[in-house]
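Each chain gets a letter, A, B and so on, in the order its sequence line appears, and its residues count up from 1.
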Protein chains: 2
Amino acid sequence: MQEPSCTGNGYVSQVASPTRERILDATLALVQERGFGGTTVTDIEELAGLSPGSGSFYRHFRSKEEAVREVYERELERAQRHRETFERGPVDDPPQALTRRITEQLDYMERIKPLITLLAREHGRFPDLEAKIGRSLLDQGITEEADHLTRDLHDHPAHGDPRALLAVVISAITGYHLARTFFGRSPADVTPERFASTLAELIITATLDPPDTPGDKTP
Amino acid sequence: MQEPSCTGNGYVSQVASPTRERILDATLALVQERGFGGTTVTDIEELAGLSPGSGSFYRHFRSKEEAVREVYERELERAQRHRETFERGPVDDPPQALTRRITEQLDYMERIKPLITLLAREHGRFPDLEAKIGRSLLDQGITEEADHLTRDLHDHPAHGDPRALLAVVISAITGYHLARTFFGRSPADVTPERFASTLAELIITATLDPPDTPGDKTP
DNA sequence: GTCTATAATCCGATAGAC
DNA sequence: GTCTATCGGATTATAGAC
């Protein structure tokens, strides 16, 4: 409705215009719902509280594509900020620590859902942004998770192929989240808590009792 | 280029018109690539070998939406046919049987990739179709996979929470596939073979040595 | 069943008053 | 910075010849 007047003294000059921010919000919501091609500038203007059909949008962005690109960037920054929240101290009891770590990861995916939805829906339209986000989410996320995992399992024997174990864990968490998002139901109707504790138990059992690979005779 | 003339004797009367089929092919390819809103009927006509801009499309479908809906239905049928391929006999050696089962599941996801891409990209546009496909893929797939799993593990002790174990396995396979599709890379750069054998090993270890849940004192 | 041609609408983007 | 008004082009869909 009205701007909270932060331009009175010129002190907070770096703050983005509220209207601009509302346009980004509207763009995010609509592109998530209808996709880039299904969202019109008129729709965005209307949801942002501007007169639909007026070009007011264009006083803030050169084109629809520019606005959507900025939405991606903003969501990536948010995702990175959310990730920093997870830097908590180590916990002693491995099963509970792991279960909590996995639950945290599921919460994290829930929080960055907008970004994930954008990636899924507009896959292929902005390859540069996708590559950048992929690097940030996958590489950074994977190395950090690997650190957490080894820390949580500090007094367990190492797994035979820790990197593959990591891939399985990350895939499971990702897949559980996406199945819920896309179908509105959990796989096999299993709750997040049950999922987390089962996955944690799997990891711990595997690191407690690493079986010999059949056909692989270690001396 | 030219139709393989199967209308010569009227014998194969149930075969769909080749042009109609080409329109569906073109629609699938373009909607996968650009989304529903980003695909125009003119594009579809051009890719289907019709004169772009002519309404020839409309001699076969009432609207773009109708064609896309039919694409969904066709892909669902294909996915169901592909699933029937997996009904193979049981294998004796559990680790290898499980690894092969997981690899088969990954192959299956690769084959139904078009359907998965459609679901991801157009999520929310056709709720009825999504619900129908969700029921078919999730429910049917889950019960069948549960059967396979218990069969492959026939001489192993049961897991404490088989349904949750199933959810983890299905989530992992789904997540591995989707991460590859959306980012063009495997999670943690782990190959499908490595992924499958690691996941199989996890399952087997968990069913070989089911640990007591801490705080849960079973008599 | 495919074509040319076109109607009717929608959309992205701009110009200029306030 | 927002509005009214509008241009030019793209898009869905139809009409009618062949």
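Rounded to an integer number of Å, the gap from A/Glu66 CD to C/dT14 P is 11 Å. Atom CD of A/Glu46 is separated from atom C1' of D/dC3 by 15 Å (rounded to the nearest Å). When the P atom of C/dA13 is taken as reference, atom CD of A/Glu45 falls 11 Å away, rounded to whole Å. The nearest whole Å value for the distance from the CG atom in B/Asp43 to the P atom in D/dA13 is 14 Å.
Nearest-nucleotide assignment on DNA chain C puts the 5′-proximal partner with B/Gly53, out of B/Gly53 and A/Gly53.
Side-chain contact of A/Glu45 with A/Ser56: a donor-acceptor pair under 3.5 Å is absent, judged by distance alone. Residues A/Thr40 and A/Asp43 bring a donor and an acceptor atom of their side chains to less than 3.5 Å of each other.
In terms of modelled atom types and a separation under 3.5 Å, the side chain of B/Arg180 and the main chain of B/Arg185 share no donor-acceptor contact. Of the possible polar contacts, one joining the A/Lys64 side chain to the A/Phe36 backbone as a donor-acceptor pair under 3.5 Å is found.
Using cut-offs of 30° and 60° on the angle between ring planes, the pair B/Tyr176 and B/Phe195 is parallel.
Non-hydrogen atoms lying under 4.0 Å from DNA chain C are contributed by A/Gly55, A/Tyr58, A/Arg59, A/Ser63, A/Lys64, all within residues 54-64 of chain A.
You'll find the side chain of B/Arg78 stays beyond 4.5 Å of the side chain of B/Arg111, heavy atoms only.
Geometrically, B/Arg83 engages B/Tyr108 in a cation-pi contact, judged by NZ or CZ lying under 6.0 Å from the ring centre and within 45° of the ring axis.
Contact between the side-chain N/O atoms of A/Thr19 and the OP1/OP2 oxygens of D/dT2 is found at a separation under 4.0 Å.
Each of A/Leu138, A/Ile142, A/Leu149 was checked for a side-chain contact (heavy atoms from CB on, under 4.5 Å) with A/Ile170, and the lone residue meeting it is A/Ile142.
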Report summary line: Encoded 5' to 3' (Watson-Crick or G-U under 3.5 Å; [ ] crossing; | other strand), DNA chain C becomes ||||||||||||||||||
